[in-house]
Amino acid sequence: MTVRVCITGSPVSYSRSPLLHGYWLKAYGIDGDYGREEVPPAQAADFYRSLAARGYAGCNVTAPNKEIAFSVLDEADESAAALGSANTLWLEDGRLCGASTDGYGFIANLDATVPGWDGARKLALVLGAGGASRAIVHAMVERGFERIVLANRTLERAEAIAVAFGKTVVPLAFDKAGEVMADADILVNCTSLGMKGAAALTVDLSRLRPEAVVSDIVYVPLLTPLLTEAAARGLRTVDGLGMLLHQGVPGFERWFGVRPEVTPELRELLIADLRAKGQLAA
Ligand code: ATR
């Protein structure tokens, strides 16, 4: 019987998840279907509680429903429990289970593209304190970083994340980020700056050590002004598309029983789609 899964959220039309999971379903010859369901927040709790009745084996959850999805789980894995949000749901003996795989996706992408990136595990500088930042900071705490400096325009949001994850996480005002640049093993942009249509992120990279890695979660454009400058300085860079690809791996394995591979061909497929939709330059 065809195993049915979908991406849910509102708006859901922009999601690349059907393309991603559709590629893997075909590549592995699995009898599965990955669709799209527009689920406004007001209907979200009912929708997730009735997943099985709707014929779904599970689903992904995107904005703005990740916290609502978490609130109706029977069982949350460690990542979802730590973040109070879930992006991957599945059923186990009729129980609704959930995980948050964004942090995993971020780390797995770095492991795959810049092996050894976390050799020192001393200091990470993270810019931005929204939902993506929270997931990434949590994953870096788990990975064993000694200190994660979290710089945000609204200091209270950085402080709230620090309270949640303990004293490894040090909140900082956004305009003070330059002060810790010289000690950072990795710089991660989790703000929306640099995204197509938004202002560029302007931070002074001159003090970063040559071994430092610069990573951006923005993937439209793929080469943000931040990454362009970092590459020009000879630093190792990681764009945001890989995180999107890797965050899908744990869900696919849960639903369809195969741990899928993130391949260059898959990455090219997503890039071609972004280009076709006019989001990336041809
Ligand atoms: P998400 O949940 O998708 O990660 P978000 O909650 O919208 O995104 O967070 C966006 C991040 O970009 C926030 O850290 C935001 O800073 P504030 O918390 O102060 O709003 C940051 N951001 C957006 N525009 C910014 C700007 N012009 N300068 C500095 N930071 C900015």
Side-chain angles (χ1 to χ4, degrees), residues 7-17 41 44 60-71 79-80 82-88 99-107 109-110 124-141 148-165 169-181 184 186-205 214-221 224-227 229 238-248 279:
I7 173 74
T8 66
S10 186
V12 81
S13 57
Y14 301 102
S15 174
R16 320 275 166 210
S17 290
N60 277 128
V61 182
T62 189
N65 294 344
K66 291 182 185 183
E67 286 78 19
I68 301 171
F70 171 77
S71 73
S79 60
L83 300 171
S85 101
N87 73 342
T88 303
S100 172
T101 67
D102 290 331
Y104 161 83
F106 177 78
I107 297 275
N109 182 42
L110 283 166
L125 173 57
V126 177
L127 308 177
S133 167
R134 184 175 279 262
I136 286 170
V137 167
H138 174 249
M140 285 187 150
V141 171
I148 299 162
V149 176
L150 183 52
N152 198 48
R153 179 178 61 179
T154 311
L155 187 60
E156 295 76 30
R157 291 184 90 189
E159 286 170 344
I161 294 179
V163 166
F165 300 136
V169 183
V170 181
L172 188 72
F174 192 72
D175 52 11
K176 299 236 169 78
E179 292 175 12
V180 289
M181 207 64 85
I186 178 166
L187 168 69
V188 188
N189 175 41
C190 295
T191 74
S192 45
L193 294 172
M195 206 180 271
K196 193 177 178 186
L201 171 63
T202 46
V203 285
D204 180 8
L205 302 183
V214 177
S215 171
D216 206 324
I217 66 161
V218 171
Y219 62 88
V220 176
T224 58
L226 173 73
L227 295 183
E229 192 198 330
V238 180
D239 65 49
L241 186 56
M243 174 179 170
L244 171 72
L245 306 178
H246 282 275
Q247 63 75 33
Q279 290 176 288

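Just so you know, ligand 1 is whichever comes first in the structure, and atom 1 is the first atom listed for that ligand.
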Evaluate His138 against Phe165 for ring-ring contact (aromatic ring centres under 6.0 Å, His included), listing each step before the verdict. CA-CA 7 Å; His138 174 249; Phe165 300 136; 5.3 Å; yes

Run the numbers on Ser100 and Asp102 for side-chain hydrogen bond (donor to acceptor under 3.5 Å, both in side chains), then give the verdict. CA-CA 6 Å; Ser100 172; Asp102 290 331; 4.8 Å; no

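- Close approach to Gly130 involves these atoms of ligand 1, each under 4.0 Å from a residue heavy atom: 2 (O), 4 (O), 6 (O), 9 (O), 14 (O).
- Annotation: atom 14 (O) of ligand 1 to nearest protein heavy atom, Asn152 OD1, 2.6 Å.
- Listed by number with element, the atoms of ligand 1 under 4.0 angstrom from any heavy atom of Ser192 are 12 (O), 23 (C), 24 (N).
- With a 4.0 Å cut-off on non-hydrogen atoms, Arg153 touches ligand 1 through its backbone as well as its side chain.
- Side-chain atoms of Asn87 come within 3.5 Å of backbone N or O of Thr101 as a donor-acceptor pair.
- When the heavy atoms of Ser133, Ala199, Ala200, Ala132 are ranked by distance to atom 4 (O) of ligand 1, first place goes to Ala132.
- Here the protein heavy atom with the shortest distance to atom 19 (O) of ligand 1 is Thr154 OG1, 2.5 Å.
- Considering only heavy atoms from C-beta on, Met243 comes within 4.5 Å of Ile217 through its side chain.
- Remark: atom 17 (P) of ligand 1 lies closer than 4.0 Å to at least one protein heavy atom.
- Residue contacts with ligand 1 for Leu193 involve side-chain atoms from C-beta outward but no N, CA, C or O (heavy atoms, distance under 4.0 Å).
- Looking at atom 7 (O) of ligand 1, its nearest protein heavy atom turns out to be Arg157 NH1, 4.9 Å.
- Numbered from 1 in the order shown, with element, the atoms of ligand 1 that lie under 4.0 Å from a heavy atom of Gly128 read 14 (O).
- At a heavy-atom distance under 4.0 Å, atoms from both the backbone and the side chain of Thr191 approach ligand 1.
- Listed for the Thr8 side chain is a donor-acceptor partner under 3.5 Å among the backbone atoms of Asn60.
- Comparing Cys190, Ala198, Gly131, Ala129 by heavy-atom distance to atom 1 (P) of ligand 1, the nearest is Gly131.
- A pairwise comparison of heavy atoms in Ile161 and Gly130 identifies CD1-O, 4.3 Å as the closest pair.
- In this structure, the side chain of Ser133 engages the main chain of Gly128 through a donor-acceptor pair within 3.5 Å.
- Without hydrogens or angle criteria, Asn152 side chain to Ala129 main chain gives a donor-acceptor distance under 3.5 Å.
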